[in-house]
Amino acid sequence: MVAPCETEWLLSYCPKKEMHNKSQRRAIGFFAKIGRLIATPEITEISSYQLRYYRLVTCVANGVTTAFQLYSPLIRRYTERKSTFHIKAIQNHMITSGVPLLILGDKLIDAYLKCGDILDARKLFDGLPKKHIVIWNAMIASYITHRKAKEAIGIYERMLLDGVFPDEYTFSSIFKAFSDPCLVREGGRRAHGLSVVLGLEVSNVFVGSALVDMYAKYGKMRDARLVADRVVEKDVVLMTALIVGYSQLGEDIKALEAFCEMIDDGIMANEYTFASILITCGNSGDLNNGKSIHGLIVRLGFESAVAPQTSLLTMYSRCGLIDDCLRTFKLLANPNQVTWTSLITSLVQNGREEMALTKFRKMIREAISPNSFTLSSVLRACSSLAMLEEGKQVHAFVTKYGLDTNKYAGAAIIDLYGKCGSTDMARLAFDALIEFDVVSVNSMIYSYAQNGFGHEALQLFDKMKDLGIRPNNVSILSVLLACTNAGLVEEGCQIFASIKKDSNVELTKEHYACMVDLLGRSGRLEEAEILINQVRDPDVVLWRTLLSVCRIHGKVEMAEKAVEKVLQVAPEDDGTHVLLSNLYASTGKWSQFVKMKSTMREMRLKKSPAMSWVDVGREVHTFMAGDFSHPRSREILVTLEELVEKVKILGYIPDTRFVLRDMDEEKKESSLYYHSEKLAIAFAIWKTTDQITKIRIFKNLRVCGDCHNWIKFVSKVVGREIIARDAKRFHHFKGGLCSCGDYW
DNA sequence: TTAGGGTTAG
């Protein structure tokens with residue numbers, strides 16, 4: 001669009017001069033005189049519209065009342081077209097023509113706001129000495145739409161200073177601004193007080209709902225309820241705000257009661273209400289009510305509404321009915337971004353990660369773009385499956401959609417790289433975050449912890465204070481785990497002692513279990529036992545932790561005591577029997593071992609078989625100890641033999657203490673060679689010959705001591721980095737050393 | 001010329 005332009009330009013659009021009538025010629029003459037004109041390129045001849053301009057300019061000279069009548073339709077016209085450029089041109093025109101802005105200022109501000117140009121609206125707003133209440137309200141509402149709560153409140157406060165009384169429109173907007181979690185709550189309460197004084201608190205249902213919503217967001221459901229009860233003419237919006245409030249604070253029964261109350265009062269639920277109440281049912285695992293509401297949705301014809309259907313599939317997922325969740329999705333004609341995301345999240349939460357990834361690919365194929373919710377769920381699927389390559393591709397999506405700085409996507413990326421043993425990549429993702437919170441920092445500390453980077457974890461934990469983030473339960477657990485995995489006993493004890501003094505964080509049994517592990521591993525078993533006795537009602541985890549450290553240090557007596565305690569708390573705990581039988585085997589107490597085995601047989605307890613897997617060429621290969629069913633078994637065994645020979649030259653001695661069966665030494669030695677992790681590594685070395693690719697293996701149980709030693713030698717022999725994730729943690733083997741410093 | 005509620009991630 002072209003604003004004021006030269007007369008010659010206009011004439012070039014109207015080549016046939018003889019076609020101009022008298023008025024048109026006069027108009028052209030006039031504009032030629034002043035040398036300016038507002039015109040649009042689509043106008044190819046002098047239109048009545050432009051003639052109006054001519055009259056307008058003539059009228060300006062005669063008086064402003066006529067100017068109002070003439071400018072108004074112009075402003076309306078360009079507001080409809082959402083052309084802020086034209087509005088600005090009109091404003092300039094008014095200024096140059098000497099029309100006082102006071103007359104049409106309100107209209108211009110309204111026009112700017114409708115065009116979404118809040119900056120120009122504000123400039124004009126600030127320059128106007130007198131504004132209609134409607135404009136104050138429109139300005140506030142616009143700031144809220146643009147998520148600028150502080151600015152909205154600024155206008156509200158200036159309004160009060162200027163002696164302008166807020167009305168019901170003001171309050172229905174301003175409470176929303178005061179709901180912003182970044183602001184102090186005092187302001188909201190003060191505004192509520194003023195609304196009471198002005199008699200607007202409950203006489204208007206819009207004001208009432210906004211107040212209910214604000215108190216719900218403050219977590220003050222008692223106040224929300226008090227306001228709702230006072231509103232005389234309740235409606236569906238007010239009741240939905242109340243239901244959502246209860247639901248989001250976990251007060252599911254009260255949410256359901258509010259829903260029933262609403263139906264009893266004859267207020268018809270709508271799609272928003274259904275969408276919320278179904279989430280309540282899902283959160284409380286209330287399948288019965290969930291199904292009844294599903295029936296109600298069908299009866300009332302809300303089957304095609306996306307929001308309640310999305311909530312319906314979430315409800316089924318949270319009740320563990322993943323097939324019903326899939327069925328609900330299938331019936332939806334037009335699933336949107338949120339629906340797809342809900343489906344993917346549901347699959348991940350129900351342990352169907354592979355299907356979640358398939359659905360994600362389908363979503364992309366159908367040109368539905370993912371958001372931070374989607375990508376963080378997909379990343380969690382990848383990290384659960386330890387699929388690094390797939391995860392990297394999802395990370396690329398995160399970058400593509402500009403979400404590297406998002407704390408949710410970020411935490412999931414950190415978690416992925418941490419779980420895949422790439423702490424450096426995790427740190428890069430952490431440093432890319434703009435907004436982060438306690439969860440982002442915890443993810444990073446946990447990544448360090450599981451990969452054995454104790455000092456880095458401690459450093460970040462200390463830095464939390466500078467970042468203004470208060471550590472929570474998870475932060476403490478993660479940093480203690482970091483100390484355990486890196487053998488930083490004193491540091492761990494210091495942190496534990498300081499947290500004990502700090503009344504802000506409550507220590508749980510999990511923290512104590514972590515300390516038992518830390519002390520026990522370093523051989524301070526007596527202290528570990530004393531610590532357990534400090535806990536009120538020690539649980540199975542605590543005693544089993546003590547038992548597992550007894551196994552490491554071969555403390556049979558203390559172990560038997562621990563077993564007794566475990567079996568008192570949890571008589572059928574199979575892990576305990578396995579741990580004790582392993583302890584008997586490793587200390588050579590074969591008679592007790594045999595006895596234990598028969599007890600286990602009687603109890604039908606089975607030790608879960610050791611299993612390792614390796615991801616080579618995007619295919620997962622699984623190995624079990626002494627299992628030669630892999631199609632490439634021959635090559636694997638040849639590679640294995642070569643490796644054993646080479647590592648023996650470097651000084652590897654098989655450690656037969658890790659053979660948990662009674663047999664002669666030679667047999668023990670050969671049985672060690674066929675442990676699942678050795679088979680997996682031999683396969684990976686045979687299959688991938690380049691020196692750069694790191695070998696990543698995963699094991700369902702802990703890596704045995706002999707294998708740990710063997711892998712160290714192998715990393716030196718083949719000159720490659722080997723990363724092993726076992727049930728407890730990561731081991732990074734490089735150049736004959738392991739990141740755990742042999743402390744694990 | 002101005003106003004309210006919902007569904008997806010640690």
Side-chain angles (χ1 to χ4, degrees), chain A residues 72 75-76 79 104 106-114 131-142 144-145 166-176 179 200 204-214 216-217 231 235-245 247-248 269-280 282 305-315 317 335-346 348-349 370-381 383 403 406-415 436-440 442-443 446 474:
Chain A
S72 295
I75 296 173
R76 199 181 316 133
T79 308
L104 281 153
D106 284 355
K107 272 201 182 309
L108 282 170
I109 294 170
D110 180 55
Y112 280 127
L113 292 178
K114 284 197 175 120
K131 284 141 316 219
H132 195 277
I133 176 78
V134 166
I135 293 307
W136 286 96
N137 291 342
M139 203 68 214
I140 291 172
S142 193
I144 292 169
T145 311
D167 64 2
E168 59 269 46
Y169 285 86
T170 323
F171 285 121
S172 63
S173 303
I174 205 63
F175 292 134
K176 191 169 189 165
S179 309
L200 294 166
N204 177 303
V205 69
F206 282 77
V207 179
S209 330
L211 264 172
V212 167
D213 188 50
M214 180 181 84
K217 291 206 167 90
V231 177
D235 71 358
V236 61
V237 179
L238 179 113
M239 292 309 288
T240 308
L242 197 64
I243 291 167
V244 171
S247 176
Q248 289 185 342
N270 64 16
E271 56 183 284
Y272 292 89
T273 327
F274 284 125
S276 316
I277 198 68
L278 281 167
I279 293 304
T280 311
V306 179
Q309 292 296 323
T310 306
S311 297
L312 193 61
L313 76 85
T314 306
M315 187 274 290
S317 152
N336 62 18
Q337 187 189 47
V338 179
T339 321
W340 274 101
T341 305
S342 307
L343 176 75
I344 291 167
T345 308
S346 299
V348 177
Q349 287 171 345
N371 60 17
S372 65
F373 287 70
T374 330
L375 294 170
S376 65
S377 286
V378 178
L379 284 162
R380 302 229 171 254
S383 53
L403 295 167
N406 176 281
K407 62 179 179 184
Y408 290 103
I413 291 172
I414 296 166
D415 197 45
F436 49 77
D437 57 6
V438 68
V439 183
S440 341
N442 288 352
S443 307
Y446 189 74
V474 182

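Order of the sequence lines sets the chain letters (A, B, ...), proteins ahead of strands, with each chain counted from 1.
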Ignoring the backbone of [X], work out which of [options] is nearest its side chain.
| X | options | value |
| --- | --- | --- |
| A:Ser376 | B:dA9, B:dG5, B:dT1 | B:dA9 |
| A:Thr310 | B:dG5, B:dA3, B:dT7 | B:dT7 |
| A:Glu168 | B:dT7, B:dG4, B:dA3 | B:dA3 |
| A:Thr240 | B:dT7, B:dG5, B:dG10 | B:dG5 |
| A:Asn406 | B:dG5, B:dT7, B:dA9 | B:dA9 |
| A:Ala411 | B:dT1, B:dG10, B:dT8 | B:dG10 |

For [X], which contact category applies under a 4.0 Å heavy-atom criterion: base, sugar-phosphate, or nothing?
| X | answer |
| --- | --- |
| A:Val439 | base |
| A:Thr170 | nothing |
| A:Val207 | nothing |
| A:Val236 | base |

Go through the N and O atoms of the side chain of [X] and the base of [N], and report whether any donor-acceptor pair is under 3.5 Å.
| X | N | value |
| --- | --- | --- |
| A:Ser172 | B:dG4 | no |
| A:Ser173 | B:dA3 | no |
| A:Asn442 | B:dG10 | no |
| A:Asp415 | B:dG10 | no |

Distance check: side-chain N/O of [X] vs OP1/OP2 of [N], anything under 4.0 Å?
| X | N | result |
| --- | --- | --- |
| A:Gln248 | B:dT7 | yes |
| A:Lys176 | B:dG5 | yes |
| A:Gln349 | B:dT8 | no |
| A:Gln337 | B:dT7 | no |

Rounding to a whole Å, what distance do you find between [X]:[atom1] and [N]:[atom2]?
| X | N | atom1 | atom2 | result |
| --- | --- | --- | --- | --- |
| A:Ile243 | B:dG4 | CD1 | P | 19 Å |
| A:Asn371 | B:dT7 | CG | C1' | 12 Å |
| A:Leu403 | B:dG10 | CG | C1' | 15 Å |
| A:Phe206 | B:dT2 | CZ | P | 12 Å |

Compute whether any side-chain donor of one residue and acceptor of the other, for [X] and [Y], lie under 3.5 angstrom apart.
| X | Y | value |
| --- | --- | --- |
| A:Ser247 | A:Ser276 | no |
| A:Thr273 | A:Thr240 | yes |
| A:Thr170 | A:Asn137 | yes |

Worksheet entry | Lys/Arg-Asp/Glu bridge criterion (N-O < 4.0 Å) met for A:Lys131, A:Asp106 | no
